[in-house]
Amino acid sequence: MRITIFDYGAGNLHSLAKAVAGADRDVRLETDPRTALATDVLVLPGVGAFGAAADRLAAGRDAMRAAILDGLPTLGICLGMQLLLDASDEGPGAGLGVLGGRVTRLRSQRTPQIGWNTLDAPREPLIAQSGLHTAYYANSFVCRPSDPESVTAWSTHEDDRFAAAVRLRACVGVQFHPEKSSTPGRRFLDSFLRAASRGALPPLDLP
Amino acid sequence: MTLTRRVIVCLDVQDGRVVKGVNFADLRDVGDPVALAERYEAEGADELTFLDISATHEGRGTLLRIAQRTAERLFIPLTIGGGVRVVDDIAAALRAGADKVSVNSAAVRDPAILTRGAERFGAQCIVASIDAKWDGTQYRVYTAGGRHATSLEAVAWAQECVARGAGEILLTSIDADGRRGGYDLALTRAVARAVSVPVIASGGAGTAAHVVEAITEGQADAALVAGILHDGLTTVVALKQAMHASGLPVRRLAA
């Protein structure tokens, strides 16, 4: 199985690459958003800023959007999840617009949110079955999808309840960092990749 | 449901080895940072910090290689601090696998390093490390591992670090450090109240109760712990249990 991590050029993809590695998995980093689509699984990683990443994405934005809507198994982590939406208050540029909505700043006294936060009411079986109850976050911005039905788990920082995870077709976005969420986080990554290699994600649990 | 309070384990690394004794009965090579990092993750540490106390350029290179080996096997956040002088040092540490980089003396010399680092890599990976000591009238900021007094006052300096781009404050009390008599709660509280970013209390942990106090009375988001864990006086599990028993939200290991 080919796993391609789209590299926005913003830094450390080392531990993410290690976290998704495994037998029969060919993990590569790709800086060209069009070439990145020649893959079985696409990973949009969680390091960098929205404006710079949107800029790197621009040349392949339409192709990537079409591939994801066509069912390419895709995992967006933190900033990678935010890129699934239309736009962000963090910086200029267009997101993929796979999910309608905007990325806005956390409404809280203390930001960035740095640390482990609980995942509420996950409808995402990939999360629930991984024993991932508490996940590591490092973010100041969060997704506000216009369709709350796309949200599959929530977290709350101070009084702000925000989307912890989203799903559309075979695309999963998570605001937390599974690659930094210890053993349950790695189980989540592994569950996603195994489901992707079977060609179908498990159906969402009922709310 | 809320953000949990963190226990951060700090390892002092010199020329590639963890210095100060580390007392794990079942670890044969207790000086290996990679083995220790994995051990502390398994115990439930929420984050790990490598503080580079190498004096030499070679020692620094060794630390980055260690960080790379650690990052391949560690799946909790790793912060690297010590010896960061310029933005390229931040870049090198992140490239080696650090999730966050702490900057101390270099920020006092040139606070713009915080801004440039935050613009390039995001505020969430720039930690301003502040060493402070009570001088009879105020908490004075020291650099160079506590050797040089500056003209800066700790609370005002913390606010400036945040204004310049730091996403977190690592606050060490020089007075309390190593004494095991508890964190400097007045210092911690003063800084935690004055800034909008998370504050990590550091220096002085002797018991689990001290860690609890740092977060309740000191209003810190996280507590940095080193010696009492390495010496085997307590465990991360015991610290988490004490925090939980005090009503603090903590991440507990799944059964």
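Predicted model only: the values in this text are computed from it and were never measured. Each chain gets a letter, A, B and so on, in the order the sequences are listed, and its residues count up from 1.
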Open item on the list: Within the 4.5 Å heavy-atom criterion, are Arg252(B) and Thr134(A) side-chain neighbours or not?
Closed with: no

Task: Close side-chain approach of His14(A) to Leu94(B), heavy-atom, < 4.5 Å - done: no

Open item on the list: Let me confirm one number: the CD1-CD distance from Ile76(B) to Glu179(A), rounded to the nearest 0.5 Å.
Closed with: 13.0 Å

Open item on the list: Measuring from atom OG of Ser15(A) to atom CZ of Phe75(B), what distance do you get when rounded to the nearest 0.5 angstrom?
Closed with: 7.0 Å

Task: chain B-proximal positions within residues 72-79 of chain A [heavy-atom distance under 4.5 Å] - done: none

Task: Top contributor to chain A interface from Gly97(B), Gly122(B), Ala222(B), Ala42(B) [non-hydrogen pairs under 4.5 Å] - done: Gly97(B)

Open item on the list: Quick check for you: to the nearest 0.5 Å, what is the distance between Tyr136(A) atom OH and Thr4(B) atom OG1?
Closed with: 10.0 Å

Open item on the list: Report which part of Gln68(B) has an atom under 4.5 Å of a heavy atom belonging to chain A: side chain, backbone, both, or neither.
Closed with: both

TODO: State, yes or no, whether a side-chain contact exists between Arg110(A) and Asp221(B) at a heavy-atom distance under 4.5 Å.
DONE: yes

Open item on the list: Using heavy-atom distances under 4.5 Å, tell me whether Ala98(B) contacts chain A through its side chain, its backbone, both, or neither.
Closed with: backbone

TODO: Tell me, for Ala192(B) versus chain A, whether the close heavy atoms (under 4.5 Å) come from the side chain, the backbone, both or neither.
DONE: both

Open item on the list: Please classify the contact between Val250(B) and chain A as side chain, backbone, both or neither, with a heavy-atom cut-off of under 4.5 Å.
Closed with: neither

- [ ] Compare every heavy atom of Val197(B) with every heavy atom of Thr111(A), then report the nearest pair and how far apart it is.
- [x] O-CG1, 3.4 Å

TODO: Would you check if Leu78(B) and Lys180(A) make a side-chain contact, meaning some heavy-atom pair closer than 4.5 Å?
DONE: no

Open item on the list: If I take atom OG1 from residue Thr2(B) and atom CD from residue Glu158(A), how far apart are they, to the nearest 0.5 angstrom?
Closed with: 8.0 Å

- [ ] Starting at CG of Asn139(A), measure out to CD of Gln124(B) and round the result to the nearest 0.5 Å.
- [x] 8.5 Å

Open item on the list: With chain B as the partner, which of Ala19(A), Ser108(A), Pro112(A) has the greatest number of non-hydrogen pairs under 4.5 Å?
Closed with: Pro112(A)

Open item on the list: Report which part of Ser182(A) has an atom under 4.5 Å of a heavy atom belonging to chain B: side chain, backbone, both, or neither.
Closed with: both

TODO: List the atom of Ile114(A), the atom of Lys100(B), and the distance in Å for their closest heavy-atom pair.
DONE: CG2-NZ, 3.6 Å

- [ ] Calculate, to the nearest 0.5 Å, the distance between atoms CH2 and CG belonging to Trp116(A) and Asp46(B) respectively.
- [x] 6.5 Å

